[in-house]
J.: 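First the structure, which I've put down as structure tokens, then a few questions once you've had a look.
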Amino acid sequence: IYAWLNTDDLYFPWTLEVVTTALSEPGVEWITGHPNYMNVDGTDFHLRGLRPYYRREWIERGWYNDEALGADIQQESTFWTAALWDRAGGFPDGVQYAGDFWLWRQMAAVEELHTVDTVIAAHRIHPDQLSDDQTAYHEEVVAARPGLARLLGKLHLHDIYSLYRL
């Protein structure tokens with residue numbers, strides 16, 4: 001089982017049990033939980049929305065990022081199998097900020113993302129974190145999907161939903 005946890009983020013006591021149970025289901029190779037955030041000292045938690053559902057074709061097209069749908073797939077809450085990692089092609093060289101965006105698109109090309117109905121990790125927000133530089137992240141997203149920036153400049157969110165018929 002693979003995952004991507006930064007040094008200042010955390011898993012909960014139930015995380016590994018939930019993950020191993022979910023990934024032992026037939027046909028499940030990639031899961032995520034509810035996006036969850038905490039402050040720098042870990043005392044204030046924020047759970048974002050209802051149980052997430054991510055459309056495979058939207059992941060593949062790169063729609064799940066703050067510049068498009070305003071939602072992303074939280075890397076701390078995402079787990080996958082070694083077999084999926086191999087089929088997706090591993091991780092690219094030279095990507096520093098938007099590696100999760102790149103990896104999710106590659107994995108969506110070969111497998112459906114499943115969600116579990118619980119919080120399984122928390123992303124800690126603090127002033128010195130690498131992900132605080134959204135400009136650099138956005139530049140790497142645009143480099144991975146050159147047509148995305150041009151399209152986003154022309155469409156509003158309701159237009160995007162209409163294009164892909166929820």
J.: Does Gln74 offer a backbone N or O that forms a donor-acceptor pair with the side chain of Ser77 under 3.5 Å?
T.: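 No; judged by distance alone, with no hydrogens or angles, the pair does not exist.
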J.: Do Leu84 and Val110 have side chains that approach each other closer than 4.5 Å (heavy atoms only, starting at C-beta)?
T.: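 Leu84 vs Val110: side chains touch.
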J.: So, do Tyr54 and Thr115 sit near enough that their side-chain heavy atoms are less than 4.5 Å apart?
T.: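 Yes - at least one pair of side-chain heavy atoms lies under 4.5 Å apart.
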J.: Measuring only between side-chain heavy atoms, which start at C-beta, is Trp104 closer than 4.5 Å to Thr78?
T.: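 A side-chain contact under 4.5 Å exists here.
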J.: In this structure, is the centre-to-centre distance between the rings of Trp4 and Trp80 below 6.0 Å?
T.: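 No, the ring of Trp80 stays outside the 6.0 Å limit from the ring of Trp4, centre to centre.
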J.: Could you report the tightest heavy-atom contact between Ala88 and Gln106, atom names first, then the distance?
T.: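 In this case the closest contact between Ala88 and Gln106 is O-NE2, 3.5 Å.
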J.: Under the rule for side chain to side chain contact (heavy atoms under 4.5 Å, CB included), what residues qualify as partners of Thr20, not counting sequence neighbours?
T.: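 If we apply the side chain to side chain contact (heavy atoms under 4.5 Å, CB included) test to Thr20, skipping adjacent residues, the hits are Ile1.
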J.: Only one of Trp30, Tyr11, Trp85 passes ring-ring contact (aromatic ring centres under 6.0 Å, His included) with Phe79; say which it is.
T.: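 Looking at Trp30, Tyr11, Trp85, the match for Phe79 under the ring-ring contact (aromatic ring centres under 6.0 Å, His included) is Tyr11.
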J.: Any luck finding a side-chain donor-acceptor pair between Asn39 and Asp41 under 3.5 Å?
T.: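 Asn39 vs Asp41: donor-acceptor pair found between side chains.
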J.: Are the side chain of Thr15 and the backbone N or O of Ile120 linked by a donor-acceptor pair below 3.5 Å?
T.: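 At least one qualifying donor-acceptor pair exists.
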J.: Could you pull out the closest heavy-atom pair between Leu103 and Gly90, with the gap in Å?
T.: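 Between these two residues, the closest heavy atoms are CD1-O, 3.7 Å.
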J.: State, without any angle test, whether Asn6 and His123 hold a side-chain donor-acceptor pair at a distance under 3.5 Å.
T.: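 There is no such pair between these side chains.
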J.: I need the minimum non-hydrogen distance between Val116 and Ala22, along with the two atoms involved.
T.: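 Minimum heavy-atom contact is CG1-CB, 3.8 Å.
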J.: At their closest point, which heavy atom of Leu10 faces which heavy atom of Arg124, and how far apart are they?
T.: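 So the two residues come closest at CD2-NH2, 4.0 Å.
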J.: Mind checking side chain to side chain donor-acceptor pair (under 3.5 Å) for Glu29 and listing every partner two or more places apart, or none if nothing turns up?
T.: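 With neighbours one apart ignored, the set is Thr81, Arg87.
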J.: Is there a side-chain contact between Glu112 and Arg56 in this structure, where contact means two heavy atoms from C-beta onward sitting under 4.5 Å apart?
T.: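 Answer yes - side chains close enough.
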J.: How long is the span from the CE atom in Met107 to the CH2 atom in Trp102, to the nearest 0.5 Å?
T.: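 Those atoms lie 9.5 Å apart.
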J.: So Leu113 and Thr32, do their side chains get closer than 4.5 Å, heavy atoms only?
T.: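 Thr32 reaches Leu113 side chain to side chain.
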J.: Could you see if Leu16 belongs to whatever hydrophobic cluster contains Val18? Use Ile, Leu, Val, Met, Phe, Trp, Tyr and a side-chain cutoff under 4.5 Å.
T.: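 No: no chain of side-chain contacts under 4.5 Å links Leu16 to Val18.
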J.: If you draw a 6.0 Å radius around CD in Glu17, do more than 12 non-hydrogen atoms from other residues or ligands fall strictly inside?
T.: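 No, not enclosed.
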